[in-house]
Every structure is written in C-alpha cells, then in structure tokens.
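Everything below concerns the one structure shown next.
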Amino acid sequence: QVQLVESGGGLVQPGGSLRLSCAASRNIFSINFMGWYRQAPGKQRVWVGGITSGGTTSYVDSVKGRFTISRDNAENTVYLQINSLQPEDTAVYYCAATIRGTSYWGQGTQVTVSS
C-alpha cells in the first residue's frame, strides 16, 4: 500500500514549463511501475507516461519530446517535467503506482495553461 501526493501544478502561460512531483509514503524502489495521467475538463482520465523501477520511461505519442518522467528513489518521488506547455495541456495531473495488481492514486494537481 502507498499514499501519493502530487504537487507543482499551477497557472502558466503558453510556452512555459512546470515540474510536477509525486511524493510517496514509502520507498518506491520496489514499485515496478509508476505512471502519470491527466484528465482534462469534461474528458476521461488518460495515461501520458510512466517509469519502471529500472528507470525505463514510456510516453503516449502526443507528449513525446515535451514530457520527461524521472524518479528519485532516495526521495521516494517521481517527477513529470513538462515543457512548451500548450492550452490543451490544461488538466488535472495524477500519478499512480501499481503494486501487486492494485493501483493507488494521488489526489491530483491542477495545471492550467492560459495567457
């Protein structure tokens, strides 16, 4: 079991950057996969990318080149770096950890891209 807390969201102008954090309540080195998702207003939650315990990352095609996921096992934290933000990136961003087939979610952090 794990509790996750996202932070780092906010209001940013188009073209700006943000780094989101996902802090876990326990060590994450043994969590095989941690993912980032987002849910735009009126839309379903979708997967944007993830990272394995070994550090291998994967992303949905639409964010490749702009999103970077990393993990710091010593800090029990996973990060999502988002560059060149666009209005269509506006969403609540969630992280999730899958442990023994069960997914655990954070409460989300709001990212709003607007001039």
Side-chain angles (χ1 to χ4, degrees):
Q1 199 171 16
V2 63
Q3 285 76 49
L4 303 172
V5 178
E6 301 94 334
S7 61
L11 174 64
V12 62
Q13 292 186 340
S17 298
L18 281 175
R19 189 177 78 157
L20 308 183
S21 299
C22 173
S25 61
R26 48 157 278 188
N27 64 70
I28 64 171
F29 70 87
S30 62
I31 299 177
N32 289 336
F33 190 80
M34 295 190 70
W36 282 96
Y37 298 74
R38 66 184 179 184
Q39 186 167 17
K43 296 187 177 181
Q44 291 188 329
R45 190 175 303 183
V46 296
W47 177 79
V48 295
I51 187 167
T52 69
S53 56
T56 300
T57 55
S58 53
Y59 305 92
V60 66
D61 285 347
S62 60
V63 306
K64 285 180 179 178
R66 294 196 301 121
F67 287 29
T68 303
I69 297 172
S70 60
R71 63 193 290 164
D72 185 336
N73 290 341
E75 296 293 328
N76 298 327
T77 301
V78 175
Y79 301 99
L80 175 63
Q81 176 72 37
I82 311 175
N83 298 326
S84 301
L85 277 156
Q86 300 301 317
E88 54 265 34
D89 294 318
T90 294
V92 178
Y93 284 73
Y94 299 88
C95 70
T98 301
I99 302 173
R100 296 188 188 93
T102 300
S103 292
Y104 300 87
W105 295 85
Q107 83 292 345
T109 186
Q110 176 70 48
V111 172
T112 301
V113 185
S114 175
S115 56

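All figures in this text were calculated on a predicted structure; none of them were measured in a lab.
Shown here for S58 and W47, the closest heavy-atom pair between the two residues is OG-CZ2, 3.5 Å. Of all non-hydrogen atoms in Y59 and T68, the two that sit nearest each other are OH-CA, 3.3 Å. Looking at every heavy atom in both residues, S115 comes nearest to P14 through N-CD, 3.7 Å. For the residue pair A24 and V2, the shortest heavy atom distance occurs at CB-CG2, 3.9 Å. Listed here is the closest heavy atom pair of L85 and I82: CD2-CG2, 3.3 Å.
In this structure, OG in S30 is found 7.0 Å from CD1 in I99, a value given to the nearest 0.5 Å. In this structure, CD1 on I69 lies 12.0 Å from OG1 on T56, to the nearest 0.5 angstrom. The distance from atom CG of L4 to atom OG1 of T77, rounded to the nearest 0.5 Å, is 10.0 Å. Annotation: the span from F67 atom CZ to L20 atom CG amounts to 8.5 Å, rounded to 0.5 Å. Put simply, CE on M34 and OG1 on T98 are 9.0 Å apart, with the number rounded to the nearest 0.5 Å. The structure places CD of E88 at 8.0 Å from CZ of R38, a figure rounded to the nearest 0.5 Å.
In this structure a side-chain-to-backbone donor-acceptor pair under 3.5 Å is missing from Q107 to V5. Judged by distance alone, the side chain of R66 and the main-chain N or O of N83 form a donor-acceptor pair under 3.5 Å. Between the side chain of R71 and the backbone N or O of I28 there is at least one donor-acceptor pair closer than 3.5 Å.
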task = Kindly determine whether C22 and Y93 satisfy side chain to side chain contact (heavy atoms under 4.5 Å, CB included), including the steps that lead there.
result = CA-CA 10 Å; C22 173; Y93 284 73; over 6 Å; no
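Using a 4.5 Å cut-off between side-chain heavy atoms of Ile, Leu, Val, Met, Phe, Trp and Tyr, with links allowed through other members, V113 and V60 fall into the same hydrophobic cluster.
Under a cutoff of 6.0 Å and an axis angle of 45°, R19 and Y79 form a cation-pi pair.
Using the six-membered ring where Trp is involved, W105 and Y94 have ring planes that are perpendicular, over 60° apart on the 30 and 60° scheme.
No side-chain heavy atom of S17 sits less than 4.5 Å from a side-chain heavy atom of V12.
Neither side chain, E6 nor T109, offers a donor N or O lying under 3.5 Å from an acceptor on the other.
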